[in-house]
Amino acid sequence: MNILIALAAALSFAAPSPALAQAQRQPASQTPDVIFVPTPQDVVDDMLRLANVQKGDVLYDLGSGDGRIAITAARKYGIKATGIDIDPERIREANENAKKAEVTDLVQFRQENLFSADFKDASVITLYLLPDLNVKLRPKLWNELKPGTRIVSHQFEMGSWKPEKKLESNGRTIYFWTVPPKDKRPKLSN
């Protein structure tokens with residue numbers, strides 16, 4: 001009997017648990033470029049209204065934090081929404097919030113770097129990043145998104161790409177752009 005116990009103990013130390021093996025396969029996290037500051041719910045609602053979100057849209061929230069924009073879009077408009085954030089803690093929190101809101105069938109959260117993430121199927125993009133990140137992200141948005149894709153940013157512009165609309169919401173500014181056709185794109189500096 002003692003031999004069996006010793007053998008079982010030795011095997012448990014030799015073979016990693018499935019959870020440990022999975023954690024070892026996960027890529028190392030990168031440090032977020034921005035600190036997490038949640039968008040107030042009334043601003044979330046105004047962002048989605050300004051983007052004219054409708055049934056059938058596909059929304060991506062870049063730098064999704066606790067998931068409130070994607071969750072609100074799914075809950076209010078019944079659309080598919082994906083949040084992308086580099087911080088694993090924010091992804092965990094967003095998934096918990098989606099469960100509480102009962103929208104896990106419409107919402108997913110992915111831990112990825114925005115600059116390598118795939119969001120080509122978006123019809124709406126939401127952002128609450130810093131101005132330099134918006135400008136850095138602009139070429140990817142223009143090169144990968146379909147013309148007509150709507151982009152809404154909480155608080156920060158996109159450098160020399162002037163917004164089509166601006167909305168003041170509870171002391172905050174929301175900016176709106178539409179991805180232009182390739183032949184109609186102005187030359188932009190930062």
Side-chain angles (χ1 to χ4, degrees), residues 29-30 32-34 36-41 43-99 101 103-159 161 163-165 167 174-182:
S29 294
Q30 294 178 335
D33 290 321
V34 297
F36 171 60
V37 177
T39 300
Q41 188 60 48
V43 176
V44 170
D45 295 336
D46 286 341
M47 289 174 75
L48 298 174
R49 269 195 299 278
L50 186 61
N52 193 26
V53 172
Q54 301 173 34
K55 194 83 167 156
D57 274 327
V58 175
L59 181 139
Y60 281 78
D61 183 24
L62 307 183
S64 56
D66 65 2
R68 67 182 61 198
I69 294 175
I71 291 167
T72 300
R75 205 174 57 234
K76 284 182 97 169
Y77 300 96
I79 66 168
K80 294 226 178 249
T82 300
I84 300 175
D85 204 295
I86 204 161
D87 186 339
E89 184 57 37
R90 296 286 77 81
I91 296 297
R92 277 191 289 282
E93 181 181 9
N95 280 316
E96 289 171 16
N97 291 338
K99 283 179 192 166
V103 292
T104 55
D105 58 326
L106 293 172
V107 176
Q108 68 170 311
F109 295 98
R110 301 186 334 220
Q111 181 188 346
E112 292 181 78
N113 182 309
L114 301 178
F115 297 97
S116 58
D118 180 4
F119 44 81
K120 291 182 198 90
D121 61 329
S123 57
V124 176
I125 296 282
T126 57
L127 309 163
Y128 185 18
L129 303 171
L130 295 174
D132 61 323
L133 289 176
N134 282 0
V135 169
K136 186 177 172 186
L137 192 59
R138 189 177 63 204
K140 181 174 175 67
L141 297 171
W142 277 25
N143 291 328
E144 296 183 11
L145 296 174
K146 298 176 289 289
T149 302
R150 290 140 13 234
I151 301 170
V152 181
S153 175
H154 170 199
Q155 205 61 34
F156 300 111
E157 295 188 65
M158 293 251 193
W161 185 20
E164 296 166 41
K165 299 178 192 173
L167 175 69
I174 303 169
Y175 300 94
F176 173 86
W177 300 264
T178 305
V179 175
K182 290 188 190 293

Between F115 and K136, is there a cation-pi geometry (under 6.0 Å to ring centre, at most 45° from the normal)? yes
Side-chain heavy-atom pair S64, R90 within 4.5 angstrom cut-off: no
Return the minimal non-hydrogen interatomic distance between M158 and L127, and the atom names on each side. CE-CD1, 3.4 Å
Looking at K120, is its backbone amide N or carbonyl O close enough to the side chain of D118 to form a donor-acceptor pair, meaning the two atoms are under 3.5 Å apart? yes
Using the side-chain contact (heavy atoms from CB on, under 4.5 Å) rule, take V58 and F119 through it: C-alpha gap first, then chi angles, then the decisive distance, then the call. CA-CA 10 Å; V58 175; F119 44 81; over 6 Å; no
How far apart are the closest heavy atoms of I69 and T126, and which atoms are they? CG2-OG1, 3.5 Å
Would you check if N134 and R138 make a side-chain contact, meaning some heavy-atom pair closer than 4.5 Å? no
K76 side chain to D45 backbone, donor-acceptor under 3.5 Å: no
Can you measure from CG (N97) to CD1 (I71) and round to the nearest 0.5 angstrom? 5.0 Å
Output all residues satisfying side chain to side chain donor-acceptor pair (under 3.5 Å) with R68, sequence neighbours left out; order by chain, then residue number. D66
Does K99 NZ have over 12 foreign heavy atoms under 6.0 Å away? no
Salt bridge (charged side-chain N to carboxylate O under 4.0 Å, His left out) contacts in which one or both residues fall within residues 50-61, not counting sequence neighbours: D57-R150
Minimal heavy-atom distance between A117 and K140, with the atoms involved, is O-NZ, 2.9 Å
Measure the spacing between CG of L137 and CG of D132 and express it to the nearest 0.5 Å. 11.0 Å
Would you give the length of the straight line joining atom CZ of R75 to atom CG of L106, rounded to the nearest 0.5 angstrom? 12.0 Å
Separation between OG of S116 and CD1 of I86, rounded to the nearest 0.5 Å: 7.5 Å
Any chance you could measure I174, atom CD1, to Y128, atom OH, to the nearest 0.5 Å? 11.0 Å
Residue pair F156 / L130, side-chain heavy-atom distance below 4.5 Å: yes
Kindly give the heavy-atom pair with the smallest separation between A74 and V107, and that separation in Å. CB-CG2, 3.4 Å
Under a 4.5 Å cut-off applied to non-hydrogen side-chain atoms, are I125 and V179 in contact? no
So, applying side chain to side chain contact (heavy atoms under 4.5 Å, CB included) with L114, which one of I84, L133, D85 is it? I84
Under a 3.5 Å distance rule, please check whether E164 uses its side chain to pair with a backbone N or O of T178 as donor and acceptor. yes
Determine whether I151 and L145 make a side-chain contact, defined as any pair of heavy atoms from C-beta on separated by less than 4.5 Å. yes
From K165 NZ over to Y175 OH, what is the distance, rounded to the nearest 0.5 angstrom? 15.5 Å
Can you check whether D121 reaches Y60 side chain to side chain, under 4.5 Å on heavy atoms? yes
Residues F176 and A51: closest non-hydrogen pair is CE1-CA, 3.9 Å
Could you tell me which non-hydrogen atom of K146 sits nearest to which non-hydrogen atom of A122, and how far apart they are? NZ-O, 3.6 Å
Mind telling me whether W142 and W161 have parallel, tilted or perpendicular rings, with 30° and 60° as the class edges? perpendicular
